[in-house]
Amino acid sequence: MDTSRRQSGIQQLLAAEQEAQQIVNAARNAKMARLRQAKEEAEREITAYRAQMEAEFQKKVAESSGDSGANVKRLEQETEEKIANLKQQAAAISPDVVSMLLRHVTSVKN
């Protein structure tokens, strides 16, 4: 009877060990599946983010290159306005500068 109880106890231990091994394997498989799923989700998010950033970059490139003609025209207009402003200021002070130069050139100092 002692032997049969030992055999029964050993069988129960073996069954418990197998059950524990199955539980560990199931948990390991579930973990691997979740890691695989997380990796796939991350790759999808990365792809979407990369596509969004590329679209924004292309939009900015299109805006800057498309507006280069407008920028050139705007800069030319601003330059012309500044040149006209400088000519106006020069014309306004030109008589004063000429009279000052004539006064200094014609005055004699001993």
The reported gap from CG in N29 to CD in Q22 (rounded to nearest 0.5 angstrom) is 11.5 Å
Set of side chain to side chain contact (heavy atoms under 4.5 Å, CB included) partners for D96, sequence neighbours left out: none
E41 vs R44 side-chain heavy atoms within contact, under 4.5 Å: yes
Do other residues, nucleotides or ligands put more than 12 heavy atoms under 6.0 Å from the CD atom of E19? no
Check the pair R103, M100 against side chain to side chain contact (heavy atoms under 4.5 Å, CB included), reporting the backbone distance first and the verdict last. CA-CA 5 Å; R103 190 175 59 238; M100 181 185 68; 3.7 Å; yes
Could you measure the distance from the CZ atom of R6 to the CG atom of L13? Nearest 0.5 Å is fine. 13.0 Å
Within 6.0 angstrom of M53 CE, more than 12 heavy atoms from elsewhere: yes
List the residues meeting side chain to side chain contact (heavy atoms under 4.5 Å, CB included) with N85, not counting sequence neighbours, and say none if there are none. Q88, Q89
Report the residue from R74, E80, K73, E81 that forms a side chain to side chain contact (heavy atoms under 4.5 Å, CB included) with Q77. E81
Between E56 and K60, is there a salt bridge with N-O shorter than 4.0 Å? no
Sequence neighbours excluded, which residues qualify as side chain to side chain donor-acceptor pair (under 3.5 Å) partners of Q58? E54
Correct closest heavy-atom pair for T79 and L75 would be OG1-O, 2.7 Å
How long is the gap from CD on E43 to OG1 on T47, to the nearest 0.5 Å? 7.0 Å
So NZ of K39 and CD1 of I46: to nearest 0.5 Å the spacing works out to 10.5 Å
